[in-house]
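This structure is a prediction, so every number in the text was calculated from the model and none was measured. Along the sequence shown, residues carry numbers from 1.
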Amino acid sequence: MKYLVRDKIFAIGDDYWIEDENGRHAFLVDGKALRLRDKLELKDPDGRVLVTLREKLFSLRDAMTLERDERPLATVRRKRLSLLRNHYRVALVDGTELDVSGRILDREFAVEYDGELLAHISRRWLSVRDTYGVDVVREDADAALLIAVAVCVIRMAERGD
């Protein structure tokens, strides 16, 4: 399933619908600004919070956390940096790790688990400006989690974390 995401969703305080490949509302990104931490909530069309993305404004360790049902779900951190590719590690609380690599700022990267592709993020197959696609490759994959991971790594790359 492919989802269309606009880059403008990264502004805290902004709300934005993510659409599926058929143009239906799939997720709502609800941006909230708090005093010490920024927060984005990824909601289903009925308004239920699926994943909360949090960042500390003055964190010593560059990381964002993902929560589900107000419990930690994962931590996203930069893994290593090369000249052309960014690498991030997503450590889920169950011990599973996802690898995110590619050209994050160009919106051309992949999310993998143990070498298996879970999602491909790309602008190439879209003609809409300031939009990128998240192609969730596996049917049994958690689309909300993978979209949240894409949002996190793009946000962190843009901040230089």
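- A distance of 10.5 Å separates CG of L28 from CG of L40, quoted to the nearest 0.5 Å.
- Y88 contributes atom OH, which lies 10.5 Å from atom CE of M64 (distance to the nearest 0.5 angstrom).
- At a threshold of 4.0 Å, the pair R123-E108 does not count as salt-bridged, since none of the basic side-chain nitrogens sits closer than that to a carboxylate oxygen.
- Two residues are said to be in side-chain contact when any heavy atoms from C-beta on lie closer than 4.5 Å; V100 and V90 meet this criterion.
- Taking all atoms of both residues into account, the shortest heavy-atom contact from A157 to R78 is CA-NH2, 4.4 Å.
- Residues Y113 and V134 are members of one and the same hydrophobic cluster, defined by side-chain heavy-atom contacts under 4.5 angstrom among Ile, Leu, Val, Met, Phe, Trp and Tyr.
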Worked verdict on F27 versus Y3 for side-chain contact (heavy atoms from CB on, under 4.5 Å)
CA-CA 9 Å; F27 302 102; Y3 299 92; 3.6 Å; yes
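- The pair R89-E112 fails the salt-bridge criterion, with no side-chain N (NZ, NE, NH1 or NH2) lying under 4.0 Å from an Asp/Glu carboxylate O.
- Using a distance-only test at 3.5 Å, with no hydrogens or angles considered, no donor-acceptor pair links the side chain of N22 to the main chain of R24.
- Under a hydrophobic-cluster definition in which Ile, Leu, Val, Met, Phe, Trp and Tyr are linked whenever side-chain heavy atoms come within less than 4.5 Å, directly or via other members, Y16 and V153 are assigned to the same cluster.
- With rounding to the nearest 0.5 angstrom, the NE2 atom of H25 is 13.0 Å from the CG atom of D46.
- The nearest pair of heavy atoms linking A144 to L42 is O-CD2, 3.3 Å.
- Counting heavy atoms from C-beta on, the side chains of L50 and K43 never come closer than 4.5 Å.
- Across every non-hydrogen atom of A26 and P45, the tightest pair is O-CD, 3.2 Å.
- The CG atom of D106 lies 10.0 Å from the OG atom of S122; values are rounded to the nearest 0.5 Å.
- If you take CG on L146 and CZ on R138, they are separated by 10.0 Å, rounding to the nearest 0.5 Å.
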Please step through side-chain contact (heavy atoms from CB on, under 4.5 Å) for the pair L118 and L98, ending with a clear verdict.
CA-CA 9 Å; L118 298 179; L98 305 180; 3.8 Å; yes
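- L53 contributes atom CG, which lies 11.5 Å from atom CG of D30 (distance to the nearest 0.5 angstrom).
- Judged by distance alone, the side chain of D69 and the main-chain N or O of R71 form no donor-acceptor pair under 3.5 Å.
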Is there a salt bridge (charged side-chain N to carboxylate O under 4.0 Å, His left out) between R107 and E158? Walk through the geometry before answering.
CA-CA 11 Å; R107 310 308 189 254; E158 287 179 341; 2.7 Å; yes
Just do the side-chain contact (heavy atoms from CB on, under 4.5 Å) check on L145 and L66 with the steps written out, would you?
CA-CA 8 Å; L145 172 63; L66 304 178; 3.7 Å; yes
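- Listed here is the closest heavy atom pair of F109 and H120: O-CD2, 3.5 Å.
- Transitive grouping of hydrophobic side chains (ILVMFWY, heavy atoms separated by less than 4.5 Å) keeps V151 and V137 in distinct clusters.
- Counting heavy atoms from C-beta outward, E139 and M1 have side chains that stay 4.5 Å or more apart.
- By the 4.5 Å heavy-atom criterion applied to side chains, R54 and E67 are counted as neighbours.
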Could you walk me through whether E41 and V29 pass the side-chain contact (heavy atoms from CB on, under 4.5 Å) test, one step at a time?
CA-CA 6 Å; E41 292 177 338; V29 176; over 6 Å; no
